[in-house]
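Working notes, beginning with the structure itself.
The first residue of the sequence shown is numbered 1, and numbering continues consecutively from there. Given the structure is predicted, the values throughout are model-derived calculations rather than measurements.
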Amino acid sequence: MTRLAQTEGLTDIQREILSTVRDFVDKEILPVATELEHRDEYPSQIVEGLKELGVFGLMIPEEYGGLGESLLTYALTVEEIARGWMSVSGIINTHFIVAYMLKQHGTKEQKDYFLPKMAAGEIRGAFSMSEPALGSDVSAISSKGVRDGDDYVLNGQKMWLTNGGSSTLVAVLCRTDEGHPEGTAPHKSMTTFLVEKEAGFGEVRPGLTIPGKIDKMGYKGVDTTELIMDGLRIPADRVLGGTTGRGFYHMMDGVEVGRVNVAARGCGVAQRAFELGVSYAQQRHTFGKPIAQHQAIQFKLAEMATKVEAAHAMMVNAARKKDSGQRNDLEAGMAKYLASEYCKEVVEDAFRIHGGYGFSKEYEIERLYREAPMLLIGEGTAEIQKMIIGRRLLEEYRIQG
């Protein structure tokens, strides 16, 4: 383990898991990540390796075949994986959110059916809230589910699905007016549907189409897609939790732990950027000495390391708060905001340390420079995090009387 970003109070099992994952990252991910990323190739072999390690079932209870570990263990695992290649951590994240939502809110039948297969990686999850005409304004969704006998018929278009093509289970948020009179608050008339499908692109089940991958600046390898529902019939027993009108709360609970995950990814990418920067600074010579001996570079390294430490500490705090059963939206929002912003800054400083070579695709920092911006948007923009943080602070510090 490196000197930076240490976590106190871990159990022997947690340390063993993290050591195993770190070895896997060093041997199986880092040597091939940049090549696969430049080809925009799905990392099938890496995913199979993570399945064998049990990562897909890390937080799924042991009774369903998982490891039954904490959010902290999961977040630290994601931090290690993102250090190797952020796209791989994205593949895990969406699967994890759906498994978490099922564990917390699913019916017994839904848990018994899905969770063992998800723990084994046989079913891989994705979740879908966003639509082409909206971003952070989840209450404005227009996709709709209408009851028709024993089924619901879903229509609408979704956007920005991570794992849209490779997943076989998608948690889809739709508006359902059934049982909710006119004038009901929008967030109280939403339902999460568990949509099973074939992996791949095109029509993956009757009424459901996954167009091809969206071509992105970074975050390549993982497939990001749209999802189009046109008369998609879903059995009523595939309503998450068995009750309509609870979808918004299900999704927000999932996104809250997802924000801890994004913070962990920011920490992992920042750690890798620091490693690259501090290594290059000791190899590159100018004016007769390594550039690491120039005060200007030492200042950069000091700032970068401090940001890595601060982001890691906030991420760990948010995960532990959630694990304790306490409300953690404030801590998760702060961690996600700080880690993503610091990640961008640490990556840019490492890029500057590399000078002109940082602009070359032969150097790993070029990939990180394109990947870091996604963390500024995923699971809520900085502005959304600030809104959450501000509202919670006003709750905590409200003047009495």
Side-chain angles (χ1 to χ4, degrees), residues 40-44 47 87 90-91 93-95 97-99 101-102 110 113-114 117-118 121-138 140-178 190-217 219-240 244 247-248 250-251 254-255 258 374 377-378:
D40 197 8
E41 181 177 327
Y42 187 81
S44 300
V47 169
S87 292
I91 293 170
N93 182 40
T94 52
H95 174 87
I97 290 177
V98 178
M101 289 166 60
L102 273 161
Q110 289 168 352
Y113 178 77
F114 287 112
K117 297 181 178 67
M118 296 187 80
E122 296 170 8
I123 288 179
R124 296 219 291 274
F127 77 106
S128 177
M129 290 191 299
S130 189
E131 297 182 359
L134 62 95
S136 300
D137 185 10
V138 179
I141 67 169
S142 60
S143 296
K144 196 166 185 179
V146 177
R147 186 72 182 247
D148 183 20
D150 293 332
D151 297 335
Y152 281 86
V153 179
L154 277 52
N155 289 281
Q157 184 177 3
K158 292 292 187 176
M159 195 70 179
W160 305 119
L161 273 77
T162 300
N163 285 342
S166 55
S167 62
T168 52
L169 172 66
V170 186
V172 182
L173 187 65
C174 293
R175 187 176 303 283
T176 49
D177 296 330
E178 176 197 27
M190 296 183 189
T191 299
T192 302
F193 292 92
L194 301 171
V195 179
E196 298 169 85
K197 68 176 188 65
E198 296 292 326
F201 301 98
E203 189 173 39
V204 291
R205 68 176 281 175
L208 178 63
T209 300
I210 304 291
K213 295 191 298 185
I214 297 170
D215 192 14
K216 309 181 295 289
M217 174 179 74
Y219 198 40
K220 293 179 179 290
V222 59
D223 46 285
T224 305
T225 74
E226 299 175 67
L227 179 148
I228 300 170
M229 301 174 290
D230 184 10
L232 171 63
R233 301 189 74 89
I234 298 296
D237 64 6
R238 288 298 182 258
V239 169
L240 180 61
T244 62
F248 180 83
H250 297 157
M251 286 284 179
V255 167
M374 198 286 293
I377 301 167

For Ser167 and Gly125, the nearest pair of non-hydrogen atoms, with its separation, is CB-C, 4.0 Å
Within a strict 4.5 Å, meaning less than it, do heavy atoms of the Asp230 and Thr209 side chains meet? no
Can you find a heavy atom in the side chain of Val195 that is under 4.5 Å from one in the side chain of Leu232? yes
Is there side-chain contact between Phe127 and Val172, with at least one heavy-atom pair below 4.5 Å? no
Nearest non-hydrogen partners of Pro211 and Leu227, listed with the distance: CD-N, 4.5 Å
Could you check whether Lys117 makes a cation-pi contact with Phe114, meaning its NZ or CZ is under 6.0 Å from the centre of the six-membered ring and within 45° of the ring axis? no
Is it the case that atom CD in Glu198 sees more than 12 heavy atoms from other parts of the structure closer than 6.0 Å? no
Is a side-chain donor or acceptor of Asp151 paired with a backbone partner of Arg233 at a separation under 3.5 angstrom? no
Measuring from Ile228:CD1 to Glu203:CD, what's the distance to the nearest 0.5 Å? 11.0 Å
Judged by atom type as modelled, is there a donor-acceptor pair below 3.5 Å linking the side chain of His95 to the main-chain atoms of Met118? yes
Within the distance-only criterion (no hydrogens, no angle test), does the side chain of Lys158 pair as donor or acceptor with the backbone N or O of Met129 below 3.5 angstrom? yes
How long is the straight-line distance from OG1 of Thr94 back to CG of Asn163, given to the nearest 0.5 Å? 3.5 Å
With no hydrogens and no angle check, just 3.5 Å: does a side-chain donor-acceptor pair link Thr191 and Thr244? no
Any salt bridge between Asp40 and Lys213, counting N to O under 4.0 Å? yes
Does the Lys NZ or Arg CZ of Arg238 fall within the cation-pi geometry relative to Tyr152 - under 6.0 Å from the ring centre and within 45° of the axis? no
I'd like to know if the side chain of Arg175 reaches the main chain of Ile141, judged simply by a donor and an acceptor atom lying under 3.5 Å from each other, with no hydrogens or angles considered. yes
Could you tell me whether the side chain of Glu131 and the main chain of Ser143 form a donor-acceptor pair under 3.5 Å? yes
What do the steps show when you test Leu169 against Leu194 for side chain to side chain contact (heavy atoms under 4.5 Å, CB included), and what is the final call? CA-CA 7 Å; Leu169 172 66; Leu194 301 171; 4.1 Å; yes
Between the side chains of Lys220 and Glu41, is the shortest nitrogen-to-carboxylate-oxygen separation below 4.0 Å, so that they form an ion pair? no
Met251 vs Thr192 side-chain heavy atoms within contact, under 4.5 Å: yes
Does the side chain to side chain contact (heavy atoms under 4.5 Å, CB included) test come out yes or no for Ser142 and Gln157, once each step is laid out? CA-CA 8 Å; Ser142 60; Gln157 184 177 3; over 6 Å; no
Between atom OG1 of Thr168 and atom CD1 of Ile123, what is the distance when rounded to the nearest 0.5 Å? 5.5 Å
All heavy atoms of Ala126 vs all of Thr162, minimum pair found to be CB-O, 3.4 Å
For a quick test of reading the model, state the closest non-hydrogen atom pair linking Ile91 to Pro43 and the distance between them. CD1-CG, 3.8 Å
For the residue pair Val98 and Ala171, what are the closest heavy atoms and their distance? CG2-CB, 4.2 Å
Do Leu102 and Leu240 come close enough that some side-chain heavy atom pair is under 4.5 Å? yes
Show your working on side chain to side chain contact (heavy atoms under 4.5 Å, CB included) between Leu154 and Phe193 and close with a plain yes or no. CA-CA 9 Å; Leu154 277 52; Phe193 292 92; 4.0 Å; yes
Could you give the distance from OG (Ser87) to OH (Tyr219), rounded to the nearest 0.5 Å? 6.5 Å
Separation between CE (Met229) and SG (Cys174), nearest 0.5 Å, reads 4.0 Å
Side-chain heavy atoms of Arg205 within contact of Ile234, under 4.5 Å: yes
Tell me whether the count of non-hydrogen atoms from other residues, nucleotides or ligands lying under 6.0 Å of CG in Asp237 goes above 12. yes
Work out which heavy atom in Gly165 is nearest to a heavy atom in Phe201; give both atom names and the distance. CA-CE2, 3.9 Å
Does Asp223 reach the main-chain N or O of Ser166 with its side chain, forming a donor-acceptor pair under 3.5 Å? yes
